[in-house]
Amino acid sequence: MFTGIITDVGEVRAIEKAGDTRIEIATAYDLDTVDIGASIACSGPCLTVIEKGEGWFAVEASDETLGCTNLGDWIVGTKVNLERALKVGDELGGHMVTGHVDTVISLLMSHRVGESTKLILSLPPAFAPFVAPKGSVALDGVSLTVNEATDDHFTVNIIPHTQSHTTFGGFTVGRRINLEIDVLARYVARMAEVNNKK
């Protein structure tokens, strides 16, 4: 489990396609404290550390992961939001994030609102029931609050701190973004669906 609070912005330093895709990510993490087999959320998806070296770690992504996320868009130099797995006793500053991406959406428009940036994002109809004003979503692994939601788009505000401590500062229109809906919204919707069938 994760919180959606990014603790480092890494950078893809190598990609090797051989069966599964091996990706090396440069990081400022103290890798002496990261075990082989540890889970790290990499711009949303929870990936397993399979190797590490001085200032970098490697993960593998299956074709399924590449097809269901934006990892297939990554190239050497791509910036990556990183978060280590939540430990018992850690502060839960965002919301409960599983690292399981639901779909990939697109940035439709952005504009400044004071010092913040308002993002307008596409919303596939199948996921519209799970996205509500003042609810939570994880976008490229970042926990954010939904401002407005319709049947085909929603908005979030990115404050200056988030812009400077995540990859959001470099987003342009058309950017493909990993979306994970709030796990609580998923279960509430499922309970309502079951109750409606009774």
Qualifying ring-ring contact (aromatic ring centres under 6.0 Å, His included) pairs, either residue in residues 140-176, two or more places apart: His161-His165, Phe168-Phe171
Side chains of [X] and [Y]: donor-acceptor distance under 3.5 Å anywhere?
X	Y	value
Asn178	Asp102	no
Asp8	Thr27	yes
Thr98	Glu180	yes
Thr78	Glu11	no
Asn147	Asn157	yes
Glu60	Thr48	no

Heavy-atom pair of closest approach, residues Val34 and Arg84: CG2-CZ, 3.5 Å
State, to 0.1 Å, how close Ile23 and Val12 come at their nearest heavy-atom pair, and which atoms those are. CG2-CG1, 4.1 Å
Identified side chain to side chain contact (heavy atoms under 4.5 Å, CB included) counterpart of Leu47 within the set Ile40, Ile25, Leu71: Leu71
Evaluate the side-chain proximity of [Y] to [X]: yes if any heavy-atom separation is below 4.5 Å, no if none is.
X	Y	answer
Leu108	Leu121	no
Glu148	Pro133	no
Asn81	Val142	yes

Report the C-alpha distance between Asp20 and Ser62 in whole Å, list the side-chain angles of each, state the deciding distance to 0.1 Å, and finish with yes or no for side chain to side chain donor-acceptor pair (under 3.5 Å). CA-CA 5 Å; Asp20 288 339; Ser62 67; 5.3 Å; no
Could you go through the side chain to side chain contact (heavy atoms under 4.5 Å, CB included) check for Leu139 and Val156 one step at a time? CA-CA 10 Å; Leu139 299 179; Val156 296; 4.1 Å; yes
